[in-house]
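Here's the structure we're looking at; comments come further down.
Along the sequence shown, residues carry numbers from 1. For ligands, and for the atoms within them, numbers begin at 1 and follow the listed sequence.
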Amino acid sequence: MSENSSSTTARISTYLMMIVLIVLALSIVALILSVNAFLIGNEIVAGYLLVIGFIAMGLSVYVLLQSRKRAASMKIEAPKVMTTIECKKCGFKSVREFQRGDFIFKDLDACQKCEDKMIIAAIYKEVKEKEKTYGV
Ligand SMILES: [Zn+2]
C-alpha cells in the first residue's frame with residue numbers, strides 16, 4: 001500500500017514539475033516578448049505580456065515551493081508511537097518511545113521516586129501540528 005502511494009506521488013510530482021517548468025519557460029518568453037514589444041513601441045502589449053509573465057512566473061515558483069514543502073513533510077510523516085508510563089502511587093509520569101510488547105496497564109519497573117511499580121497509562125501516536133494539513 002505505502003509503496004504504491006509513494007510511487008504515485010512521485011509520478012505526480014514529476015508531472016507537476018514538468019508543467020511548472022513549461023509555465024516558467026513560457027513566462028520567460030512572455031517577458032522577452034514584452035521587452036521586444038516595448039522596444040517596438042507597443043507599450044500596451046508590453047504591459048500585458050509583462051503582467052502575464054510575472055503572474056506565470058510567480059505561480060510556478062509558488063507551486064514549486066509548495067510541492068517542496070509537501071515533499072519535506074512527507075519524509076517526516078511516519079509518526080512516532082509514544083508510551084506514557086505512570087506511577088499510580090505518586091503520580092510520577094514519564095514518556096518514552098513505544099517498545100515491542102508494550103500494552104496499556106502493563107506492569108513496569110519500579111518508580112524513580114517512590115519505588116512502587118509503574119504501569120503503562122497510555123500509548124499514542126505523536127502527531128505534529130504541521131502534518132495535520134497533509135494527514136492521511
Ligand atoms: Zn511513584
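- Closest approach of A37 and V45 over heavy atoms only: CB-CG1, 4.1 Å.
- In this structure, E86 and F92 have side chains that are not in contact, with every pair of non-hydrogen atoms separated by 4.5 Å or more.
- Judged by distance alone, the side chain of K80 and the main-chain N or O of F98 form no donor-acceptor pair under 3.5 Å.
- Across every non-hydrogen atom of A30 and L49, the tightest pair is O-CB, 3.5 Å.
- Residues passing the side-chain contact (heavy atoms from CB on, under 4.5 Å) test with V95, sequence neighbours excluded: M82, T84, Y124.
- Shortest non-hydrogen contact noted between L50 and S34 is CD1-OG, 3.4 Å.
- Each protein N, O or S atom less than 2.8 Å from the Zn ion (ligand 1) was counted, giving 4.
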